[in-house]
Amino acid sequence: MTHPSRKFMECLQYAAHQHKDQRRKDTAGTPYINHPINVATILALEACIEDENVLMAALLHDVVEDTTATFKDVEQLFGADVCGLVREVTDDKTLEKQERKRLQIVNAPKSSQRAKLIKLADKLDNLRDLQKNTPQGWTQERREQYFVWAKCVVDNMRGINGVLDEKLDEIFRERGLL
Ligand SMILES: Nc1nc2c(ncn2[C@@H]2O[C@H](COP(=O)(O)OP(=O)(O)O)[C@@H](OP(=O)(O)OP(=O)(O)O)[C@H]2O)c(=O)[nH]1
Ligand SMILES: [Mn+2]
């Protein structure tokens with residue numbers, strides 16, 4: 001049996017600490033950290049990714065976008081490679097939402113293969129959440145639009161991992177999008 005490295009466990013602790021006061025948008029108010037943990041777990045156990053820096057970047061993928069953490073913090077704590085991956089999956093929150101969403105579609109194919117894995121697992125987990133419940137304050141229309149938009153992002157990153165492609169397509173098929 002392999003065992004988690006010290007830096008991997010430190011990364012898990014850091015992500016949990018940074019997201020500690022945040023909740024998902026579901027009615028149950030699930031702790032936000034469940035989502036980064038799900039993304040790393042999808043990569044490790046479903047997509048069989050063994051690249052530890054990719055798994056750590058998955059745990060950290062929303063810390064700069066959604067908490068007080070900076071890229072500098074991530075680089076100092078977990079190194080330039082992990083920081084580079086987090087940078088690739090972080091939206092520029094200074095831009096308008098519509099522009100951010102457009103850029104995800106446009107930038108998806110330009111990302112590195114490793115960043116694409118994280119982006120795909122991120123979408124898969126968010127879509128799984130959306131299948132289970134509608135986030136608080138969202139209309140059915142907004143929910144449907146997220147499926148449509150996520151498919152546009154995913155369509156620009158196919159062929160990276162067969163398992164992720166298949167699991168995402170299963171969801172799009174269920175929604176009548178494929
Ligand atoms: N499906 C779902 N999403 C939730 C929930 N709670 C929080 N989120 C987050 O909301 C984001 C999607 O909502 P949007 O309205 O499209 O984006 P925004 O929060 O950036 O404005 C995702 O951000 P993200 O992970 O950065 O991904 P991305 O979709 O922005 O790429 C997702 O993690 C929930 O209960 N269900
Ligand atoms: Mn995310």
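Remember, it's 1-based here, ligands and their atoms both numbered in the order they're listed.
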Peer 1: Should Gln104 be counted as touching ligand 1, given the test is an N or O pair under 3.5 Å?
Peer 2: yes
Peer 1: Under 4.0 Å from a heavy atom of Arg100: which atoms of ligand 1 are those, numbered in the order shown and with their elements?
Peer 2: 20 (O)
Peer 1: Would Lys101 count as a polar contact of ligand 1, with the cut-off being nitrogen or oxygen pairs under 3.5 Å?
Peer 2: yes
Peer 1: Say whether Asp62, considering both its backbone and side-chain N or O atoms, lies within less than 3.5 Å of an N or O atom on ligand 1.
Peer 2: yes
Peer 1: Do Gln104 and Lys123 meet the criterion of a side-chain donor-acceptor pair at a distance under 3.5 Å?
Peer 2: yes
Peer 1: Has Glu166 got more than 12 heavy atoms of other residues, nucleotides or ligands less than 6.0 Å from its CD?
Peer 2: yes
Peer 1: Pull out every atom of ligand 1 sitting under 4.0 Å from any heavy atom of Arg142, numbered as shown with elements.
Peer 2: 14 (P), 15 (O)
Peer 1: So for ligand 1, is Glu65 a polar contact partner (N or O within less than 3.5 Å, distance only)?
Peer 2: yes
Peer 1: How does Gln22 reach ligand 1, by side chain, by backbone, by both or by neither, if only non-hydrogen atoms under 4.0 Å count?
Peer 2: neither
Peer 1: With the side chain counted from C-beta on, respond yes when Glu10 and Arg6 share a heavy-atom pair under 4.5 Å apart, and no when they do not.
Peer 2: yes
Peer 1: Between Trp138 and ligand 1, does any nitrogen or oxygen pair lie at a separation below 3.5 Å?
Peer 2: no
Peer 1: Of the side chain and backbone of Phe147, name the one, both, or neither that has a heavy atom under 4.0 Å from an atom of ligand 1.
Peer 2: neither
Peer 1: Hey, does the side chain of His61 reach the backbone of Ala58 with a donor-acceptor pair shorter than 3.5 angstrom?
Peer 2: yes
Peer 1: Please report how many protein N/O/S atoms lie under 2.8 Å from the Mn ion (ligand 2).
Peer 2: 4
Peer 1: Answer with yes or no whether the side chains of Asn34 and Thr30 bring together a donor and an acceptor at under 3.5 Å.
Peer 2: no
Peer 1: For the residue pair Gln140 / Arg143, report whether a side-chain donor-acceptor contact shorter than 3.5 Å exists.
Peer 2: yes
Peer 1: Has the side chain of Asp73 got a donor or acceptor atom that lies under 3.5 Å from a matching backbone atom of Thr70?
Peer 2: yes
Peer 1: Between Gln18 and Thr67, is there a donor-acceptor pair closer than 3.5 Å when you use the side chain of the first and the backbone of the second?
Peer 2: no
Peer 1: Residues sharing Val163's hydrophobic cluster, by side-chain heavy-atom contacts under 4.5 Å among ILVMFWY, directly or via others?
Peer 2: none
Peer 1: Using a 4.0 Å cut-off to any heavy atom of Lys97, which atoms of ligand 1 qualify?
Peer 2: 14 (P), 15 (O), 17 (O), 18 (P), 21 (O)
Peer 1: If I apply the N/O under 3.5 Å rule, does Asp91 come out as touching ligand 1?
Peer 2: no
Peer 1: Considering only heavy atoms of Tyr146, which atoms of ligand 1 have at least one such atom less than 4.0 Å away?
Peer 2: 12 (C), 16 (O), 28 (P), 29 (O)
Peer 1: With sequence neighbours left out, which residue pairs that include part of residues 148-163 fulfil the salt bridge (charged side-chain N to carboxylate O under 4.0 Å, His left out) condition?
Peer 2: Lys151-Asp155, Asp155-Arg158, Arg158-Asp169
Peer 1: With atoms numbered from 1 as shown, which atoms in ligand 1 lie under 4.0 angstrom from a non-hydrogen atom of Tyr32?
Peer 2: 25 (O), 33 (O)
Peer 1: Suppose I only count heavy atoms of His35 and a 4.0 Å limit; which atoms of ligand 1 are within that range?
Peer 2: 25 (O), 33 (O)
Peer 1: Does Asp122 have any salt bridge (charged side-chain N to carboxylate O under 4.0 Å, His left out) partners at least two apart in sequence or in another chain, and if so, which?
Peer 2: none
Peer 1: Going through the distances and angles, do Tyr32 and Asp62 end up as a side-chain hydrogen bond (donor to acceptor under 3.5 Å, both in side chains)?
Peer 2: CA-CA 10 Å; Tyr32 195 89; Asp62 279 329; 2.7 Å; yes
Peer 1: By number and element, which atoms of ligand 1 are closer than 4.0 Å to a non-hydrogen atom of Trp149?
Peer 2: 29 (O), 31 (O)
Peer 1: Please walk me through it: do Asp66 and Lys93 pass salt bridge (Lys or Arg N to Asp or Glu O under 4.0 Å)?
Peer 2: CA-CA 9 Å; Asp66 296 335; Lys93 281 274 184 100; 3.1 Å; yes
Peer 1: Is it possible for you to check whether Arg175 lies under 6.0 Å from the centre of the six-membered ring of Phe147, through NZ or CZ, and within 45° of that ring's axis?
Peer 2: yes
Peer 1: Check Asp122 against ligand 1 and report side chain, backbone, both or neither, counting heavy atoms closer than 4.0 Å.
Peer 2: side chain
